[in-house]
Every structure is written in C-alpha cells, then in structure tokens.
Amino acid sequence: MPELPEVEVTKRALEKRLLSKKIIKVLIKNDNLRYKVNSRLKNLKGFFIQKIVRRSKFLLLFFNRDFVLLVHLGMTGKFLIKKNNKSLFSRHYHSDTLHSKHNHIEFLFSNKISLIYNDVRRFGFFILENSKNIYNSKFLKNLGPEPFSNKLTVNIVKNKMKKSSRNIKSCLMDQKFIAGIGNIYASEILFKSKIHPTTIAKSISSVKIKKLIKSIKEVLYIAIKDGGSTIRDFMFNEDNKGNFQNKFNVYDRYGLECHICKNKIQKLVINLRSTYFCPKCQRKTN
DNA sequence: CGGGACTCCTGAGGGC
DNA sequence: TGCCCTCAGGAGTCCC
C-alpha cells in the first residue's frame, strides 16, 4: 500500500482527528512487527500529539515532553479509526476490519476515538525515540531529499547518478537517492518522463533529469490529491479509498493499451519488482 | 564499497 | 474443494 502519497494522506487524516488529543490507553495486542514493539509505548498514556510530520514513507508523531513515535507502514500497514466502538468510515470495514486478527496496536484517545494499527504482513514498525536529534536517527539520517523540497535539484540528482552504473528505476526506488518513491510511482513517474526504466541513470541528459523531477512532483501531487492508490486493500482516509489507481498509465496494466499511443504496455522485472512501461512512449536511448 | 539476490510475513488468485 | 505456485504497495542483510 503505502508510498509517499498514501503516507501523506494518512498523515493528514491523523492530523485532522488526533492533533492535541490526549492518549488514555495503549493496547499492544501483538508486538511481533518488523521490529518487536517496545512495551515503553504504553508510557504514552497521558501524552498528547503536538505535531505530525511525514519524512519519506515515515510518520513522525511528536508528543509533549520530547517523545516522538516513528511509524513505518511497511507493505500492508494502515490505520483505522473508530469512535464509540463504531468505525468512523462506513460499511467497508465494519465488523471484519475492526475485529481483524491483524489489528496489532490500539491507541485510545480522550475524545473517545480509537486509533488501530492493522498490518497483515507485519513489515511495518513503531519506534519510540527522543525527539532531540530524531532526524539523525539511523532510520532518517541517510534519506535523500523530499520530492517537494527545493533540495531536489538537477545538480543534486545528476551528482548522485554520476557515481552509479544502475538503471533509473532502481535509483528512483532507492530511498537514499530520493525519498518516498516506491514501486507504483516509480513506473508512473518514468512514463510521464518518457524514460525507459532500464536506462542507465548517468547517461540521462540534464534536460531529461529536469523533466524527471517535474514528473516526480506532478505525479505525487496528483496522487495525494486523489487520496493515494488503493489496489487490493482499502486505504485509510475520510472517503475510505484512494482514487489514483484509476489514473494509472502503466502500473498493473500489462498488455493493455497505452493511453497515449495505443501500444501495449510491457512488463519486466527489475530487482525482483514488477516494472511497467510503454515501449513506444518510453523508447530506450542507450 | 556497490548493488543484486534473498529475506521477513500473510493472503489472494490462477492452474490443475 | 484442495494443493501448489506465484505474486503483492518495503527495505534490511548477506554475499560477490
């Protein structure tokens, strides 16, 4: 599920409901996530959320007294919200999801809202840290520039690529390179940039890199506006589901017609991840 | 060291 | 139905 747009949508929904709300209780039903959940999490009782930040695919929940909860949703992690034992979001996840065996952690808030962490594959994790120097923690310190920051420039991207013999798709997926892009959006961004996914990154011209950066911002911006992408799971937001999956140009469209040129969308595996592209719109140049 | 292959985990879907 | 295989939005670790 969660790449930058989905994490950003989650962040905004949490902000809307939980900012400045006090935690009454923390229930750890299953501590067996990617990293074992520290029982110190229960010490957040009585604390309130001051600020929520997204960095790459991480959520940072800042509490009073210098506590910060670092959350990563992994592959299938999501938050559910219920009020007075009822889901705030209609029928879609009523009985099934609110009582799922994949609900691992529950935070009860003073406004009678519960925040439930659900994660089928348990690749997500929660780390409680001191907020001082949090950006120097091992999870955050090596991340590349945020797609919407002005640190993402042609020069910085070209410099990073210069040393590498990798293909551009692998570079986009590398969080040290640019933060927040995952498997869906890497394919969509390369389509919009008209770059073939196996193109050797350092061979790409400055003009094309400029176009690539523009495409990164555009694709991610529209995806956030659409509430992210919902494929086989529903996504957490006010309307239950994201809509960007309806705007995919290439992802999960193997054998279907390209919206631009009508050629058939191709699929290939790069670093064990499915990669989709249009062979005509994204002609290989090296 | 860079980077590709493998790994964690559960469930869905297809072929037989 | 059931069994087996492959694949799924992420990323740390291992090994060449």
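Each chain gets a letter, A, B and so on, in the order its sequence line appears, and its residues count up from 1.
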**Asked** How about A/Phe62 and A/Phe67: are their ring centres within less than 6.0 Å of each other?
**Response** no
**Complete:** Ranking C/dG9, C/dA8, B/dC9 by distance to the side chain of A/Glu3, first place goes to C/dG9
**Request:** Measure the distance from NZ on A/Lys36 to P on B/dC9 and round it to the nearest whole Å.
**Result:** 14 Å
**Fill in**
DNA chain B nearest-nucleotide lookup for A/Leu272 and A/Arg166: closer to the 5′ end is A/Arg166
**Asked** Under 4.0 angstrom, heavy atoms only, what part of the nucleic acid is A/Lys163 near: base, sugar-phosphate, or nothing?
**Response** nothing
**Prompt:** Rounded to the nearest Å, what distance is computed from the CG atom of residue A/Asn30 to the P atom of nucleotide B/dC9?
**Reply:** 12 Å
**Asked** Do the rings of A/Phe248 and A/Phe244 sit parallel, tilted or perpendicular, given the 30° and 60° boundaries?
**Response** perpendicular
**Message:** Can you tell me which nucleotide in C/dG9, C/dA8, B/dG11 comes closest to the side chain of A/Ile184?
**Reply:** C/dG9
**Prompt:** Side-chain N or O of A/Lys138 less than 4.0 angstrom from OP1 or OP2 on C/dA11?
**Reply:** no
**Asked** Centroid-to-centroid, A/Tyr254 to A/Tyr276, below 6.0 Å?
**Response** no
**Fill in**
Separation of B/dG2 atom P from A/Asn167 atom CG, nearest Å, is 17 Å
**Request:** Could you tell me whether A/Arg34 and A/Asp119 have a side-chain N and a carboxylate O separated by less than 4.0 Å?
**Result:** no
**Item:** Between C/dG10 (P) and A/Asp174 (CG): distance, integer Å
**Value:** 13 Å
**Complete:** Winner on side-chain proximity to A/Lys57, out of B/dG3, B/dG11, C/dA11, is C/dA11
**Message:** Please report the distance, rounded to the nearest Å, between CZ in A/Phe177 and C1' in C/dG10.
**Reply:** 19 Å
**Prompt:** Side chains of A/Thr198 and A/Lys284: is there a donor and an acceptor less than 3.5 Å apart?
**Reply:** yes
**Asked** Under 4.0 Å between a side-chain N/O of A/Arg273 and OP1 or OP2 of C/dG9, yes or no?
**Response** yes
**Between C/dA11 and B/dC1 - P atom distance, rounded Å** = 22 Å
**Item:** Candidate nucleotides C/dG10, C/dA8, B/dG11, ranked by approach to the side chain of A/His72 - the nearest
**Value:** C/dG10
**Prompt:** Using the P atom in both, what is the distance from C/dG9 to B/dG3, to the nearest Å?
**Reply:** 22 Å
**Asked** Should the pair A/Lys192-A/Glu188 be classified as a salt bridge under the 4.0 Å nitrogen-to-oxygen rule?
**Response** no
**N or O in side chain of A/Ser170 less than 4.0 angstrom from B/dG3 OP1/OP2** = no
**Asked** What's the closest nucleotide to the A/His102 side chain, out of B/dG11, C/dA8, C/dG10?
**Response** B/dG11
**Prompt:** Hey, is the side chain of A/Arg121 pairing donor to acceptor with the base of B/dC9 inside 3.5 Å?
**Reply:** yes
**A/Phe277: partners by ring pair (Phe, Tyr, Trp, His ring centres under 6.0 Å), with sequence neighbours left out** = A/His196
**Request:** For the residue pair A/Phe58 and A/His72, categorise the inter-ring angle as parallel (less than 30°), tilted (30 to 60°) or perpendicular (more than 60°).
**Result:** perpendicular
**Prompt:** Between B/dC9 and A/Thr76, is there an OP1 or OP2 to side-chain N/O distance shorter than 4.0 Å?
**Reply:** no
**Prompt:** Are the ring of A/Phe123 and the base ring of B/dC9 both nearer than 5.5 Å at their centres and tilted by less than 30°?
**Reply:** no
**Request:** Please state how far atom CD in A/Gln175 lies from atom P in C/dG10, giving the value in whole angstrom units.
**Result:** 8 Å
**Asked** Among side-chain atoms of A/Ser193 and A/Lys211, is any donor-acceptor pair under 3.5 angstrom?
**Response** no
**Prompt:** A/Phe125 vs A/Tyr35 aromatic rings, parallel, tilted or perpendicular, using cut-offs 30° and 60°?
**Reply:** perpendicular
**Item:** Dot-bracket encoding of pairs in DNA chain C, which uses [ ] for pseudoknotted crossings and | for another strand, Watson-Crick or G-U under 3.5 angstrom
**Value:** .|||||||.|||||||
**Separation of atom CG in A/Leu140 from atom C1' in C/dG10, rounded to whole Å** = 15 Å
Please list, pair by pair, any protein nitrogen or oxygen found under 3.5 Å from a nitrogen or oxygen in nucleotides 12-16 of chain C.
unit_1	atom_1	unit_2	atom_2	d
C/dG12	O4'	A/Arg34	NH2	2.7

**Message:** For C/dG9 and A/Tyr251 - does any side-chain N or O of the residue sit under 4.0 Å from the phosphate oxygens OP1/OP2?
**Reply:** yes
**Complete:** Taken to the nearest whole Å, CE/A/Met75 to C1'/C/dG9 is 6 Å
**Message:** Do A/Asn118 and A/Asn103 pair up side chain to side chain, a donor and an acceptor below 3.5 Å, judged on atom types alone?
**Reply:** yes
**Asked** If the P atom of C/dC14 is compared with that of B/dC9, how far apart are they to the nearest Å?
**Response** 16 Å
